[in-house]
Amino acid sequence: MANLNSKSKKSKRTTPKSDDIYLKLLLNDSKFNVVILKRLFMNEINKAPLSLSKLINYTKGKEDKISVIVGTVTNDIRVYKVPCLKVTALRFTETARARIEKASGECLTFDWLALRAPLGQNTVLLRGPKNAHEAMKHFEPAPSVPYSHTKPYVRSKGRKFEKARTTIFSLLVWIILFSGKEFWMFEGLHTLIEILIVNFFFFSSGFELNLDLVLNQVRLN
């Protein structure tokens with residue numbers, strides 16, 4: 001009998017790609033070490049950096065604990081005063097490390113963390129915002145969909161470049177949703193369609209369609 005599970009693909013990593021002995025030492029029954037190991041062999045997008053300002057906000061009232069970030073700790077010039085922090089991370093920027101150490105804090109590596117807290121006791125596990133990179137701004141509903149705030153794919157802004165314009169159908173839906181009750185009447189809807197047909201030729205020719213002007217024209221009629 002054929003194996004029914006022969007084509008089931010498990011795409012996530014179960015072991016790290018590196019042969020580092022410190023990664024191999026994390027393979028134990030501790031829940032903290034299992035989470036750390038899982039994050040260590042994630043890709044770079046899921047190992048997002050954490051700024052110094054967010055690190056300070058997340059550790060308010062927990063300054064005596066060791067903050068653990070599987071990623072990079074970066075500096076934030078908007079922060080004027082840095083408290084005494086004990087931070088473990090894969091990497092520190094030069095300015096962030098200098099500011100933490102100047103405030104009598106500690107910048108630890110994961111091998112030092114394994115000696116101090118082998119089971120993750122007295123630690124706080126933090127993560128950076130993994131959805132903050134540029135590509136995530138384009139991954140929501142299409143820019144022409146009502147209520148959408150997705151960033152369109154255009155080369156640049158200017159006269160010589162394309163513009164992310166909406167479609168006439170979505171524009172009609174948008175006006176009906178955000179207008180008053182009079183648009184649901186036959187006369188108001190009929191006038192709206194006439195105005196949209198007239199403005200469609202200007203809209204398709206490269207002119208901008210003023211939505212406020214269209215609404216005022218229909219209300220006057």
Side-chain angles (χ1 to χ4, degrees), residues 3 5-140 150-151 153:
N3 186 7
N5 296 325
S6 60
K7 294 184 178 180
S8 63
K9 180 182 178 181
K10 296 180 176 60
S11 58
K12 68 177 183 179
R13 295 178 184 174
T14 56
T15 56
K17 294 180 67 176
S18 174
D19 293 328
D20 191 353
I21 58 173
Y22 296 108
L23 292 180
K24 306 293 184 181
L25 290 175
L26 289 172
L27 293 170
N28 53 34
D29 296 332
S30 173
K31 185 177 180 181
F32 175 81
N33 290 339
V34 169
V35 175
I36 291 295
L37 179 65
K38 181 181 178 181
R39 293 186 184 183
L40 277 172
F41 53 77
M42 283 182 177
N43 54 13
E44 292 299 322
I45 291 178
N46 289 311
K47 289 190 291 188
L50 186 68
S51 65
L52 199 57
S53 59
K54 290 188 177 182
L55 176 62
I56 294 172
N57 289 333
Y58 292 156
T59 55
K60 283 184 178 179
K62 305 174 184 177
E63 288 82 1
D64 56 332
K65 296 186 178 182
I66 302 175
S67 303
V68 182
I69 301 103
V70 186
T72 305
V73 176
T74 59
N75 183 37
D76 195 340
I77 60 174
R78 298 170 295 181
V79 178
Y80 295 104
K81 185 177 180 181
V82 179
C84 180
L85 299 173
K86 290 180 286 186
V87 188
T88 300
L90 287 178
R91 179 177 167 270
F92 296 87
T93 61
E94 184 177 353
T95 314
R97 182 188 294 272
R99 295 188 68 181
I100 293 174
E101 292 178 348
K102 185 178 180 181
S104 302
E106 293 181 272
C107 298
L108 305 173
T109 57
F110 278 94
D111 49 352
W112 277 104
L113 179 67
L115 295 175
R116 285 197 183 186
L119 299 180
Q121 59 271 25
N122 200 28
T123 58
V124 179
L125 189 58
L126 302 174
R127 290 186 73 178
K130 68 182 186 66
N131 291 335
H133 58 283
E134 173 67 22
M136 293 301 297
K137 297 179 181 179
H138 305 278
F139 289 166
E140 296 297 326
T150 307
K151 187 176 181 179
Y153 282 109

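Fair warning: this is a prediction, and the values are worked out from it, not measured in the lab.
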Inset, instruction - Under the side-chain hydrogen bond (donor to acceptor under 3.5 Å, both in side chains) rule, what do Ser53 and Asp76 come out as? Steps first, then yes or no, please. - result: CA-CA 6 Å; Ser53 59; Asp76 195 340; 2.6 Å; yes

Inset, instruction - Examine distances only and state if a side-chain atom of Asn57 and a backbone atom of Lys60 form a donor-acceptor pair shorter than 3.5 Å. - result: no

Legend entry - Smallest separation among heavy atoms of Phe32 and Gly120, with atom names: CD2-CA, 3.3 Å

Inset, instruction - Starting from the C-alpha separation in whole Å, work towards a yes-or-no answer on side chain to side chain contact (heavy atoms under 4.5 Å, CB included) for Asn33 and Leu37. - result: CA-CA 6 Å; Asn33 290 339; Leu37 179 65; over 6 Å; no

Legend entry - Leu125 side chain reached by Val35 side chain, heavy atoms, under 4.5 Å: yes

Inset, instruction - First locate atom CG of Leu119, then atom NZ of Lys31, and finally report the distance between them rounded to the nearest 0.5 Å. - result: 14.0 Å

Inset, instruction - Decide yes or no for Phe92 and Val87: does some side-chain heavy atom of the first lie under 4.5 Å from some side-chain heavy atom of the second? - result: yes

Legend entry - Lys65 side chain near Thr123 side chain, heavy-atom distance below 4.5 Å: no

Inset, instruction - Would you confirm whether Lys47, through its side chain, and Arg39, through its main-chain N or O, come within 3.5 Å as a donor-acceptor pair? - result: no

Legend entry - Distance (rounded to the nearest 0.5 Å) between Cys84 SG and Glu63 CD: 9.0 Å

Legend entry - Minimum side-chain heavy-atom gap Thr95-Ile77 below 4.5 Å: no

Legend entry - Side-chain H-bond candidate by donor/acceptor type, Asn75 with Arg99, under 3.5 Å: yes

Inset, instruction - Please name the pair of heavy atoms, one in Pro83 and one in Ile56, separated by the smallest distance, quoted to 0.1 Å. - result: CD-CD1, 3.7 Å

Inset, instruction - Given side chain to side chain contact (heavy atoms under 4.5 Å, CB included), test Thr72 with Leu90 step by step and report yes or no. - result: CA-CA 6 Å; Thr72 305; Leu90 287 178; 5.7 Å; no

Inset, instruction - Considering only NZ, NE, NH1 and NH2 on the basic side and carboxylate oxygens on the acidic side, decide whether Lys151 and Glu134 come within less than 4.0 Å. - result: yes

Inset, instruction - Give a yes or no on whether a salt bridge exists between Glu106 and Arg97, defined as a side-chain N under 4.0 angstrom from a carboxylate O. - result: no

Legend entry - Side-chain heavy-atom pair Thr74, Leu50 within 4.5 angstrom cut-off: no

Legend entry - Nearest heavy-atom neighbours spanning Ala48 and Pro129: CB-O, 3.6 Å

Inset, instruction - Over all heavy atoms of both residues, which pair between Lys86 and Asp64 is shortest? Give the atoms and the distance, please. - result: NZ-O, 3.2 Å

Inset, instruction - Taking the side chain as every heavy atom from C-beta outward, state whether Thr93 and Val73 have any atom pair closer than 4.5 Å. - result: no

Inset, instruction - Please report the closest heavy-atom contact between Ala89 and Phe110, naming both atoms and the distance. - result: C-CE1, 3.7 Å

Inset, instruction - Apply side chain to side chain contact (heavy atoms under 4.5 Å, CB included) to the pair Ser67 and Thr88, showing each step before the final yes or no. - result: CA-CA 6 Å; Ser67 303; Thr88 300; over 6 Å; no

Legend entry - Closest approach of Lys130 to Ile45 (non-hydrogen atoms, all atoms of both residues): CB-O, 3.7 Å

Inset, instruction - Could you give me the CA-CA distance, side-chain angles and deciding distance for Val70 and Ile36, then say whether side chain to side chain contact (heavy atoms under 4.5 Å, CB included) is met? - result: CA-CA 7 Å; Val70 186; Ile36 291 295; 3.8 Å; yes

Legend entry - Heavy-atom side-chain contact between Val124 and Val68 under 4.5 Å: no

